[in-house]
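Only one structure is covered here, and it is reproduced in the block below.
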Amino acid sequence: MPELPEVETLRRYLEQTSLHQKINGFTTEDPKRQLALPPEELHEEIMGRQMVSTTRIGKHLLVALDNGKVISLHFGMTGDLHYYRIPEDAPRFERATFYFDSGFKLAFVDSRKFGRIGLWDSEEAYIKAKALGPDALEISADVLQKGLQKRKSPIKPVLLDQKLLAGIGNWLVDEILYQAGIHPETIAGELTSSQLQNLVNAMQEVLKTAIDKEAVYRELPATFLIHAREWDTSPHPEENTHKHCYRCQTEILKTTVGGRATYFCPSCQVK
DNA sequence: TAAAATGTTCTCTT
DNA sequence: AAAGAGAACATTTT
């Protein structure tokens, strides 16, 4: 699930379900692993408090409490949220739960258990601790260009570096490079100014489109590369057209760049 | 059944 | 100091 558009969708979900209710309980399956602080401490700080507002930076969701503290939610590879009341609606893989006095619960769902929950004195403290760069929707072309300039790695792993800019994950980076017509192994510092411009435009376009569709992949435009990924659950898997570039019909290739699975069009994205 | 999976972080090396 | 490579983390799904 959780790259920038997914986390933005979760932020809105939390905002529409869970604000302004008294928290009267919190449980975790595996506090040592899932919490960035001792469970007693978290419990003490949030009991009786209310969530009052949310912020997102990159893939991180921050929830402000009415005592000024900030809960951090990071969703790892498979994190999700589910708000419910009756036990029949409990999701699979519920790893942590916030209980409200309304009787509703906010579940932190996470099959692979890479997600983390923390408590901080301020948003700034969290951003500093994680050394997060500017959010991918906010970063200016100028700052991005300066960040890329000195890097000698392929552009793909550089864009995945959350210290440079926050929010881009493995499917997004492939999508953005595809839309920008840039080969994922192009050395970051060697991008031309027109490539850089294409990159900035594609990043905005892809992020906004994905947020607009609430990160539901099958609703993304047919022009999106994401439909070529194996885990795309197309309603018509027998139609293999999504394995080809919508622009030139060339077969989409799968390789490894920076240790991650990488999809690209060998014809539209040349080094 | 072995392999791959939307992410981060740590260690080691350069 | 900073950048890059690679492994580790835990579990599910195909």
Side-chain angles (χ1 to χ4, degrees), chain A residues 1-11 28-36 56-62 72-81 91-96 108-118 126-133 135-136 146-178 184-190 203 206-207 209-211 213-220 224-234 237 254-263:
Chain A
M1 253 223 126
E3 300 183 32
L4 190 155
E6 291 93 332
V7 177
E8 176 61 21
T9 303
L10 292 171
R11 186 190 70 77
T28 36
E29 208 180 67
D30 186 353
K32 240 187 188 134
R33 192 149 277 134
Q34 298 177 75
L35 299 185
R56 179 194 55 72
I57 172 151
K59 310 170 192 175
H60 306 255
L61 176 52
L62 300 176
S72 61
L73 299 174
H74 186 269
F75 299 95
M77 298 271 266
T78 54
D80 199 0
L81 294 175
R92 280 185 85 190
F93 311 122
E94 178 168 348
R95 307 298 189 189
F108 186 88
V109 180
D110 186 15
S111 64
R112 279 179 71 188
K113 293 192 187 177
F114 283 160
R116 297 290 178 268
I117 298 172
Y126 182 75
I127 291 165
K128 192 176 173 196
K130 298 291 169 188
L132 295 175
D135 186 80
K146 288 193 168 66
L148 297 180
Q149 228 168 24
K150 56 192 174 213
R151 306 286 292 255
K152 294 178 177 132
S153 307
I155 184 68
K156 168 156 177 166
V158 172
L159 290 177
L160 289 173
D161 181 356
Q162 305 296 301
K163 293 180 175 62
L164 181 65
L165 77 171
I168 307 298
N170 202 40
W171 81 257
L172 273 176
V173 70
D174 282 1
E175 189 68 56
I176 291 165
L177 291 173
Y178 173 70
E185 287 178 312
T186 309
I187 300 304
E190 296 177 359
M203 192 158 77
V206 168
L207 289 173
T209 304
I211 290 171
K213 298 297 180 193
E214 301 183 325
V216 177
Y217 302 150
R218 71 179 119 63
E219 290 181 9
L220 292 172
F224 269 41
L225 178 71
I226 192 167
H227 305 296
R229 297 190 95 89
E230 285 157 3
W231 42 268
D232 174 41
T233 49
S234 160
K254 181 184 180 185
T255 57
T256 300
V257 179
R260 309 296 302 275
T262 300
Y263 293 77

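Numbered from 1 within each chain, the chains take letters A, B, ... in sequence-line order.
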Would you say Lys113(A) places a side-chain N or O within less than 4.0 Å of OP1 or OP2 belonging to dT12(C)?
no
When rounded to whole Å, the CG to C1' distance for the pair Asp80(A) and dT11(C) reads 16 Å
Between Trp171(A) and Tyr217(A) (judged by ring centroids, cut-off 6.0 Å), do the two rings come close enough to count as a pair?
yes
Would you please confirm or rule out a distance under 4.0 Å between OP1 or OP2 of dA5(B) and any side-chain N or O of Lys254(A)?
yes
Roughly how many Å is it from CD in Glu185(A) to P in dA5(C), rounded to a whole number?
11 Å
CZ of Arg112(A) versus P of dT14(C): gap in Å, rounded?
13 Å
Side chains of Leu160(A) and Asn170(A): does their closest heavy-atom pair fall under 4.5 Å?
yes
Can you tell me the pairing partner of dT12(C) across any strand shown, Watson-Crick or G-U wobble, with both distances under 3.5 angstrom?
dA4(B)
When you check the phosphate oxygens OP1 and OP2 of dT8(B), does a side-chain N or O of Lys59(A) lie under 4.0 Å from one of them?
yes
Take the protein atom CZ of Arg260(A) and the nucleotide atom P of dG4(C), then report the distance between them rounded to whole Å.
17 Å
How close or far is atom P of dT11(C) from atom CZ of Phe114(A), stated in whole angstroms?
9 Å
Nearest-Å distance, CE (Met77(A)) to P (dA10(C))?
14 Å
Base, sugar-phosphate, or nothing: which does Arg33(A) touch, judged by heavy atoms less than 4.0 Å apart?
sugar-phosphate
Just checking Phe93(A): base, sugar-phosphate only, or nothing, at a heavy-atom cut-off of under 4.0 Å?
sugar-phosphate
Counting only side-chain nitrogens and oxygens, does His74(A) get under 4.0 Å of the OP1 or OP2 atom of dG7(B)?
no
Taking CD from Gln34(A) and P from dC9(C), how many angstroms apart are they, rounded to a whole number?
17 Å
Looking at dT11(C), I'd like to know if its phosphate oxygens (OP1 or OP2) sit under 4.0 Å from a side-chain N or O belonging to Ser111(A).
no
If we take the P atom in both dA10(C) and dT1(B), what is their distance in whole Å?
22 Å
Distance below 4.0 Å between Gln162(A) side-chain N/O and dG7(B) OP1 or OP2
no
Categorize Gly259(A) for me: base, sugar-phosphate, or nothing, with a 4.0 angstrom heavy-atom threshold over every strand shown.
nothing
Measure from the ring center of Phe108(A) to the ring center of Phe75(A) and say whether it is less than 6.0 Å.
yes
Side-chain contact check for Ser153(A): nearest option of dT6(B), dC9(C), dA3(C) is dA3(C)
Rounding to a whole Å, what distance do you find between Arg151(A):CZ and dT14(B):C1'?
15 Å
State, to 0.1 Å, how close Ala136(A) and Leu207(A) come at their nearest heavy-atom pair, and which atoms those are.
CB-CD1, 3.8 Å
Side-chain contact, heavy-atom cut-off 4.5 Å: Arg260(A) with Lys156(A)?
yes
